[in-house]
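First comes the structure, then the notes that go with it.
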Amino acid sequence: MIISQEFFNRNTIQVAKDLLGCYLVSESKEGRTAGKIVETEAYLSDDPGSHTFKGKTKRNEVMFGPAGRAYVYFIYGAHHCINVVTQKPGVGEAVLIRALEPIEGIEIMRKRRNKDDVKDLTNGPGKLVSALAIDKSCNGLDFNDRIKILERKEKPKIIATTRIGLSQGKDLPYRFYIKDNPFVSRK
DNA sequence: AGAGCGATGGCCT
DNA sequence: GGCCATCGCTCTA
């Protein structure tokens, strides 16, 4: 089942936890690729680690829009990352999807990633975006388009810890992952 | 297994 | 001009 917009129009930390175990699906000409979400990070409006901390800019404007859309940004001159926008319009918050467990289209992912090992296909935010052929053209799309999020079947055991790669807000416990899942990017 | 680091480009001040 | 919500390669063990 597709997830309703009300699911995303909620407290961002709660959405980050509830996304664990849900499925991210990408349709393309080459076929469908999909994975279970196993690691997320929350980015809040009063959070110095968030792109929105200093207000709205051209880059982050999707984060201030309605919940349930994709915020895709380009980083380090090489990678894209994908977030799910949360909260009502005007509030710049989102959940970064950091890792997936590959479920469908593994051969397509292998080609896109140029890697054979299943454990190295989607265990990082830049990697999963590449495996699912997500790019700048997905920025602002609803998760009801060529990228979708489907409901989880069961509630996983969750670990909460600090986020990765930040210089600001690095002590906040806003990273969540599924306990004992081998596809998490880092413990 | 872990640390160090270069690549690379868009955005912000 | 400087800064990144990263990745993959290299070097040391």
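Throughout, a chain's letter reflects where its sequence line sits, starting with A, and its residues are numbered from 1.
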Between atom CD1 in A/Ile75 and atom P in C/dG2, what is the gap in whole Å? 17 Å

Could you tell me the separation between the CZ atom of A/Arg146 and the CD1 atom of A/Ile134, rounded to the nearest 0.5 Å? 7.5 Å

Residues in contact with DNA chain C, drawn from residues 133-149 of chain A - heavy-atom cutoff 4.0 Å: none

Reading nucleotides 7-13 of chain C from the 5' end, what letters show protein touch, with B for base, S for backbone sugar-phosphate only, - for no heavy atom under 4.0 Å? SS-----

For the pair made of CZ in A/Arg175 and P in C/dT6, what is the distance, rounded to whole Å? 11 Å

I need the A/Leu132 CG to A/Ile108 CD1 distance, nearest 0.5 Å. 9.5 Å

Take A/Thr86 and A/Glu93, measure what side-chain hydrogen bond (donor to acceptor under 3.5 Å, both in side chains) needs, and give me the verdict at the end. CA-CA 6 Å; A/Thr86 58; A/Glu93 305 198 351; 4.6 Å; no

Roughly how many Å is it from CZ in A/Phe74 to P in B/dC12, rounded to a whole number? 15 Å

Are the ring of A/Tyr43 and the six-membered base ring of C/dA5 within the stacking cut-offs of under 5.5 Å and under 30°? yes

From OH of A/Tyr73 across to P of B/dC11 the rounded distance in Å is 14 Å

How does DNA chain C look in dot-bracket notation if pairs are Watson-Crick or G-U with both distances under 3.5 Å, crossing ones as [ ], other-strand ones as |? ||||.|||||||.

Looking at A/Val84, A/Val85, A/Asp18, A/Val95, which hits side-chain contact (heavy atoms from CB on, under 4.5 Å) with A/Phe8? A/Val84

Tabulate atom names and distances for all N/O pairs under 3.5 angstrom spanning the protein and nucleotides 1-5 of chain B.
none

Would you list the pairs meeting salt bridge (Lys or Arg N to Asp or Glu O under 4.0 Å) in which at least one residue belongs to residues 39-50 of chain A, sequence neighbours left out? A/Glu39-A/Arg98, A/Glu39-A/Arg175, A/Glu41-A/Arg98, A/Asp47-A/Arg163

Please report the distance, rounded to the nearest Å, between CZ in A/Arg163 and P in C/dA5. 10 Å

Is any side-chain N or O of A/Tyr76 under 3.5 Å from a base N or O of B/dA7, one able to act as donor and the other as acceptor? no

Parallel, tilted or perpendicular: rings of A/His51 and A/Tyr73 (30°, 60°): perpendicular

Within the 3.5 Å criterion, strictly below it, is a donor on A/Asn123 or A/Lys127 matched to an acceptor on the partner's side chain? yes

For residues 46-65 of chain A, which residues have at least one heavy atom under 4.0 Å from DNA chain B? A/Thr57, A/Lys58, A/Arg59

Any Lys/Arg nitrogen of A/Arg112 or A/Glu30 sitting under 4.0 Å from an Asp/Glu carboxylate oxygen of the other? yes

Do A/Arg69 and A/Tyr71 meet the cation-pi criteria used here (NZ or CZ under 6.0 Å from the six-membered ring centre, within 45° of the axis)? no

A/Val38 and A/Ile3: same hydrophobic cluster, using ILVMFWY side-chain contacts below 4.5 Å? yes

